[in-house]
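Note that ligands are numbered from 1 as they come in the structure, with each ligand's atoms numbered from 1 the same way.
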Amino acid sequence: MEKISEETLKNKADEMLDEAYVPYSRFPVGAALLTKDGQVFTGCNIENASYPLSICAERTAVFKAVSEGERDFEKLVVTGHTEGPISPCGACRQVLVEFCDPDMTVILTNKKGDIFNTTVSELLPGAFKEKDMEIN
Ligand code: THU
């Protein structure tokens with residue numbers, strides 16, 4: 001399969017800003033998740049009149065991928081119309097911890113192209129994980 005460049009991944013996240021369903025916040029977010037075998041799963045935020053039912057762009061992308069049987073992820077790009085690189089919410093950070101390697105690259109960016117490169121473990125140090133449920 002053709003290698004997906006970082007630029008392509010950023011462009012795909014960017015395109016998702018136009019798909020976001022954000023009548024309440026008017027704050028579109030786009031995400032693009034690259035699998036280790038070169039597939040891209042995109043996501044946008046999708047809101048609801050019952051606000052807590054809304055889902056973030058990152059989780060849309062992860063859940064699309066996981067629901068298609070994907071478990072091995074290489075890189076995530078998240079973008080928004082923010083002043084600086086967008087900051088993922090706590091819930092999304094926890095979901096990334098569940099499905100991605102701690103050292104997986106996460107590229108936080110914005111429409112202007114500001115970039116903050118980070119990793120899943122940097123985004124949520126000390127995260128609650130499956131092993132934390134072990135007792136004794
Ligand atoms: N949002 C995301 O999609 N990702 C984040 O990590 C931050 C927040 C969405 C949720 C909601 O639709 C809007 O941005 C405002 O919070």
Side-chain angles (χ1 to χ4, degrees):
M1 204 176 290
E2 189 194 327
K3 183 103 173 82
I4 303 286
S5 71
E6 206 161 288
E7 196 185 343
T8 301
L9 203 61
K10 282 179 195 152
N11 288 338
K12 285 182 182 286
D14 225 58
E15 286 167 15
M16 293 312 289
L17 292 170
D18 296 327
E19 307 302 334
Y21 177 75
V22 289
Y24 308 104
S25 72
R26 308 258 173 224
F27 184 81
V29 182
L33 179 65
L34 178 65
T35 66
K36 285 183 182 164
D37 66 1
Q39 298 176 71
V40 178
F41 290 84
T42 55
C44 60
N45 47 340
I46 304 168
E47 300 182 343
N48 194 282
S50 176
Y51 293 0
L53 300 186
S54 304
I55 186 163
C56 294
E58 303 90 311
R59 272 179 291 155
T60 302
V62 170
F63 293 162
K64 279 172 69 179
V66 170
S67 69
E68 296 293 325
E70 299 301 327
R71 293 290 188 281
D72 297 321
F73 304 115
E74 186 167 315
K75 203 176 281 182
L76 172 71
V77 174
V78 191
T79 191
H81 293 287
T82 40
E83 185 54 35
I86 194 164
S87 176
C89 81
C92 287
R93 292 173 194 227
Q94 180 70 31
V95 167
L96 293 177
V97 165
E98 186 72 29
F99 291 107
C100 308
D101 295 335
D103 58 357
M104 190 191 84
T105 300
V106 181
I107 301 170
L108 305 176
T109 185
N110 60 8
K111 197 70 182 166
K112 290 186 286 172
D114 296 321
I115 302 270
F116 181 65
N117 283 299
T118 186
T119 65
V120 168
S121 62
E122 281 172 357
L123 283 170
L124 193 57
F128 179 72
K129 299 181 183 176
E130 186 181 9
K131 69 171 173 43
D132 294 308
M133 295 178 71
E134 289 166 12
I135 44 177
N136 296 322

Problem - Nearest heavy-atom neighbours spanning Ala20 and Asn45 - result: CB-OD1, 3.2 Å
Exercise for the section: Considering heavy atoms of the protein only, find what lies nearest to atom 9 (C) of ligand 1 and give residue, atom and distance to 0.1 Å. Expected result: Asn45 ND2, 3.3 Å
Problem - Atom indices of ligand 1 within 4.0 angstrom of Phe27 heavy atoms, with elements - result: 13 (C), 14 (O), 15 (C)
Practice task
Pick, from Ala57, Cys56, Gly30, the option with the minimum heavy-atom distance to atom 10 (C) of ligand 1.
Solution key: Cys56
Completion exercise
Per-atom filter on ligand 1: closer than 4.0 angstrom to a heavy atom of Glu47 are 11 (C), 12 (O), 13 (C)
Problem - Same apolar cluster (I L V M F W Y, side chains within < 4.5 Å links), Leu34/Ile115 - result: yes
Exercise for the section: Give the atoms of ligand 1, by number and element, whose distance to some non-hydrogen atom of Ser25 is under 4.0 Å. Expected result: 13 (C), 15 (C)
Handout entry: Short N or O distance, Ile55 and ligand 1, threshold 3.5 Å exclusive
Key = no
Exercise for the section: Just say parallel, tilted or perpendicular for the rings of Tyr51 and Tyr24, cut-offs at 30° and 60°. Expected result: tilted
Exercise for the section: Using a strict cut-off of 4.0 Å, indicate which atoms of ligand 1 neighbour a heavy atom of Glu58. Expected result: 2 (C), 3 (O), 4 (N), 5 (C), 6 (O)
Practice task
Sort and list the pairs that fulfil salt bridge (Lys or Arg N to Asp or Glu O under 4.0 Å) and have at least one residue in residues 63-87, not counting sequence neighbours.
Solution key: Lys3-Glu74, Glu6-Lys75, Glu83-Lys112
Exercise for the section: Indicate yes or no for a side-chain donor-acceptor contact from Thr119 to the backbone of Glu122 under 3.5 Å, with no hydrogens or angles considered. Expected result: yes
Exercise for the section: Evaluate the 4.0 Å heavy atom contact test for atom 4 (N) of ligand 1: does a protein atom fall under the cut-off? Expected result: yes
Practice task
Looking only at non-hydrogen atoms, find the nearest pair between Val120 and Cys100 and report the distance.
Solution key: CG2-CB, 3.9 Å
